[in-house]
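Numbered from 1 within each chain, the chains take letters A, B, ... in sequence-line order. The analysis underlying the following values was restricted to heavy atoms, covering all of them including side chains, and did not include hydrogens, waters or symmetry mates.
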Amino acid sequence: MTTIDPAPSLHFIRRIIEEDLETNKYDGRVMTRFPPEPNGYLHIGHAKSICLNFGLADEYGGLCNLRFDDTNPTKEEVEYVESIKEDVRWLGFDWEDRLYYASDYFEQLYQYAVQLVQEGKAYVDSLSAEEIKEYRGTLTKPGRESPHRNRPVEENLDLFKRMRAGEFEDGTHVLRAKIDMASGNLNMRDPVMYRILHAEHHRTGNDWCIYPMYDWAHGLCDSIEGITHSICTLEFEDHRPLYNWFLEQLDVYRPQQIEFARLNLTHTVMSKRKLLRLVKNGHVRAWDDPRMPTISGFRRRGYTPKSIRDFCERIGVAKKDSTVDIRLLEYYIREDLNKRAPRVMSVLRPLRVVIDNYPEDKVEELEAINNPEDPAMGKRMVPFSRVLYIERDDFREDPPKKWFRLAPGREVRLRYGYYITCADVVKDEKTGDVVELHCTYDPETRGGWSPDGRKVRGTLHWVSAAHALEAEVRLYDHLFIKPDPEDEEDGSDFEVNLNPNSMETLKSCKVEPSLTGAASGSRYQFERLGYFCVDPDSSDETLVFNRTVTLRDTWAKIEKAQQTKASGKH
RNA sequence: UGGGGGAUCGUCUAGUGGUAGGACGCAUGACUCUGGAUCAUGCUACGGGGGUUCGAAUCCUCCUCCCCCAGCCA
């Protein structure tokens, strides 16, 4: 399941767990939970949390529950529940029979609330939402007590029962904890525990018309499940006193809440709200668009679960706000795919090449290695014939310095094929575009070796025209042009930083025949180009590939350096 | 001007009184039938001022900057 780094860092949460294990704080137990709200798709920030919670449980011989935090029926849907389960499973984690819902505990939560009411620690408030807000005070001004704060217990009990019974309209009453309206921590100024919501819940239907708030529900769910380490993100830090307060008052089992910094990535946004906007405004096709930082997006893009897990381990866990360079993620997917993706030759922007001295009807099957990193992956045969396609980018009529590829009069190697020399360039009379190359081949160089040992720096990928399969290839780039999408001149917002070229669709790509019938989701390295994955849109008629990530491109760097030098920049 | 957190290479992260380390990135070189991969070498950091100490990223102190909180969202 989980691959653990040979020397994972002893980050502060591991340290806490090890201390707790030593002092036997929880009888040697480690019990965590991943508690998503089913109101959207999971993104890579959630992956960090999933890897943390399931990973820690695994490392320390504990268990991790999957628990849906479904306390707000107005925003939650089964569709999200299903996608979340799929994503967690895909990442490689297993909650076994421990699939829980906060809604499983609604009755018990209610009983606990009644207990607090009976003890005079909670009361029904009948102020409007606006009034409650006003009474709460501000960051610097203390709040005021509600006129209903000192209702007799019996009245509170009666009102609360009738809230549950559905006697009141939404918004007319709430149940609040009686804590401290003057607290510097706003969460402690008599937080709302229940609100009236006449809404159908995706699991409990119409059984309830009052729903618990996060702060009230979360700690109790953790307590009921016997969670030891309740890990959440930094913004809940000042909810911790409240988390503890409820558990103390009820005198129930107390887990501890631990907060860590959420993941931010360059060149993308990470909040569900913003991701939803990208979908709604048509900037991407859907939640699983390969440009999205969602887990389903990465999956469709061709990322492996292992690459994401390795990434999540490497970025570490701390309390400092941070933004990880997306190139680190790209490093991990390259590293993984380099070892496991079979190599194949595909030409994205075809340029026709005729080998004038190669026999018209001859076809040779040439042996190609499937993965130089893994001999066990074997070999395959690739057809070679007189008319081929090569990449347009691999030919320059006017080659710059350090150009190893094809140019008039230059000789290059066709990978696993022959050495060819460019003899003639055919152009479109009107546009001047190069439409075809005429080359000659050296029959002595079959397979890509020359008996005289002459040096050929450039090796090109190619596909035999007669045998090529047509394919559509979708190239992706960062969703946002700037590392920080929020970095904009005042007035506008992150949408102005959207990369207009984040997706490019290439229609008549030529791929080698071994790709016939490639299954959706299968991943390949297109030699010299990058890693590609068969998209679900793919069919027997049209193969569709997504570019997961490019290969490192040293030539692009050299050329860029040459250009900046030429333009006088340093 | 309330409360809660946080500051170490460009980025992420170790280090918890004893030479500031790793990864990504970047640069250079070697190798190569992928300008891929691999290997080698190099690059840059303790927010600031005082103090304690033989010795401070670490301890004390003052300051600065950044993040979160005023949902009947989570």
Look at the side-chain N and O atoms of [X] and state whether any lies under 4.0 Å from the OP1 or OP2 oxygen of [N].
{"X": "A/R314", "N": "B/C24", "value": "no"}
{"X": "A/T71", "N": "B/A74", "value": "yes"}
{"X": "A/K133", "N": "B/G71", "value": "yes"}
{"X": "A/T266", "N": "B/U11", "value": "no"}
{"X": "A/K320", "N": "B/U13", "value": "yes"}
{"X": "A/R15", "N": "B/A14", "value": "no"}

Just checking [X]: base, sugar-phosphate only, or nothing, at a heavy-atom cut-off of under 4.0 Å?
{"X": "A/R415", "value": "base"}
{"X": "A/I558", "value": "base"}
{"X": "A/W216", "value": "nothing"}
{"X": "A/S322", "value": "sugar-phosphate"}
{"X": "A/L366", "value": "nothing"}
{"X": "A/E259", "value": "nothing"}
{"X": "A/E527", "value": "base"}
{"X": "A/K557", "value": "sugar-phosphate"}
{"X": "A/E373", "value": "base"}
{"X": "A/A318", "value": "sugar-phosphate"}
{"X": "A/T74", "value": "nothing"}
{"X": "A/D325", "value": "sugar-phosphate"}
{"X": "A/Y214", "value": "base"}
{"X": "A/R413", "value": "base"}

How far does the [atom1] atom of [N] sit from the matching atom of [M], given to the nearest Å?
{"N": "B/U44", "M": "B/C9", "atom1": "P", "value": "13 Å"}
{"N": "B/G42", "M": "B/C66", "atom1": "P", "value": "38 Å"}
{"N": "B/U8", "M": "B/C46", "atom1": "C1'", "value": "4 Å"}
{"N": "B/U52", "M": "B/U16", "atom1": "P", "value": "24 Å"}
{"N": "B/C12", "M": "B/G51", "atom1": "C1'", "value": "33 Å"}
{"N": "B/U64", "M": "B/G49", "atom1": "P", "value": "15 Å"}
{"N": "B/A14", "M": "B/U41", "atom1": "P", "value": "26 Å"}
{"N": "B/C24", "M": "B/C60", "atom1": "P", "value": "35 Å"}

Check each of A/F545, A/F526, A/Y524 against A/F532 using the ring-ring contact (aromatic ring centres under 6.0 Å, His included) test, and report the only one that passes.
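Testing each of A/F545, A/F526, A/Y524 against A/F532, the sole residue satisfying ring-ring contact (aromatic ring centres under 6.0 Å, His included) is A/F526.
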
Indicate the atoms forming the closest heavy-atom contact of A/D238 with A/E235, along with that distance.
OD1-O, 3.6 Å

Of the candidate nucleotides [options], which contains the atom at the shortest distance from the side chain of [X]?
{"X": "A/K319", "options": "B/U32, B/C68, B/G6", "value": "B/G6"}
{"X": "A/R343", "options": "B/G35, B/G36, B/A74", "value": "B/G36"}
{"X": "A/Y332", "options": "B/U34, B/G35, B/A23", "value": "B/A23"}
{"X": "A/T140", "options": "B/C12, B/G2, B/C73", "value": "B/G2"}
{"X": "A/R327", "options": "B/G25, B/A74, B/A70", "value": "B/G25"}
{"X": "A/P372", "options": "B/G4, B/G36, B/C26", "value": "B/G36"}
{"X": "A/L328", "options": "B/A70, B/A23, B/C68", "value": "B/A23"}
{"X": "A/L139", "options": "B/G4, B/G35, B/C69", "value": "B/C69"}
{"X": "A/N72", "options": "B/A74, B/G5, B/G2", "value": "B/A74"}
{"X": "A/H239", "options": "B/G36, B/A70, B/A74", "value": "B/A74"}

Are A/Y303 and A/Y531 near enough that their ring centres are under 6.0 Å apart?
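Centroid separation for A/Y303 and A/Y531: 6.0 Å or greater.
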
Which whole-number value in Å describes the distance from [X] [atom1] to [N] [atom2]?
{"X": "A/H11", "N": "B/U16", "atom1": "NE2", "atom2": "P", "answer": "17 Å"}
{"X": "A/D215", "N": "B/A74", "atom1": "CG", "atom2": "C1'", "answer": "9 Å"}
{"X": "A/R528", "N": "B/U34", "atom1": "CZ", "atom2": "P", "answer": "10 Å"}
{"X": "A/L551", "N": "B/G35", "atom1": "CG", "atom2": "P", "answer": "9 Å"}

Residue closer to the 5' end of RNA chain B, A/W403 versus A/F12 (nearest nucleotide):
A/F12

Using both distances under 3.5 Å as the test, list the Watson-Crick or G-U wobble partner of [N], or none.
{"N": "B/U19", "result": "none"}
{"N": "B/U32", "result": "none"}
{"N": "B/G71", "result": "none"}
{"N": "B/G55", "result": "none"}
{"N": "B/A27", "result": "B/U41"}

Strand contacts (RNA chain B) in residues 184-195 of chain A, 4.0 angstrom heavy-atom criterion:
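Under 4.0 Å from RNA chain B: A/G184, A/N185, A/L186, A/V192, A/R195.
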
Within a reach of under 6.0 Å around CD of A/E365, are more than 12 heavy atoms found that belong to other residues, nucleotides or ligands?
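Result for CD/A/E365: enclosed.
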
More than 12 heavy atoms from other groups under 6.0 Å of CZ on A/R277:
yes

Quiz item: cation-pi between [X] and [Y], 6.0 Å / 45°:
{"X": "A/R413", "Y": "A/Y419", "value": "no"}
{"X": "A/R67", "Y": "A/F34", "value": "no"}
{"X": "A/R203", "Y": "A/Y101", "value": "yes"}

Establish whether the base of B/G36 is bridged to the side chain of A/R334 by a donor-acceptor pair shorter than 3.5 Å.
no

Give the intermediate values and the outcome of side-chain contact (heavy atoms from CB on, under 4.5 Å) for residues A/E367 and A/Y416.
CA-CA 7 Å; A/E367 191 177 78; A/Y416 303 122; over 6 Å; no

I'd like to know if the side chain of A/E391 pairs up with that of A/H461 as donor and acceptor (distance under 3.5 Å, no hydrogens or angles considered).
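The answer is yes; a qualifying pair exists.
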
Who are the salt bridge (Lys or Arg N to Asp or Glu O under 4.0 Å) partners of A/R415, not counting sequence neighbours?
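With sequence neighbours excluded, A/R415 shows a salt bridge (Lys or Arg N to Asp or Glu O under 4.0 Å) to A/E527, given in chain and number order.
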
Indicate yes or no: at least one non-hydrogen side-chain atom of A/I16 is less than 4.5 angstrom from one of A/Q256.
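The answer is yes; the side chains approach within 4.5 Å.
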
Taking O4'-C1'-N9-C4 for purines and O4'-C1'-N1-C2 for pyrimidines, is B/G47 syn (within 90° of 0) or anti?
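Base orientation: anti.
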
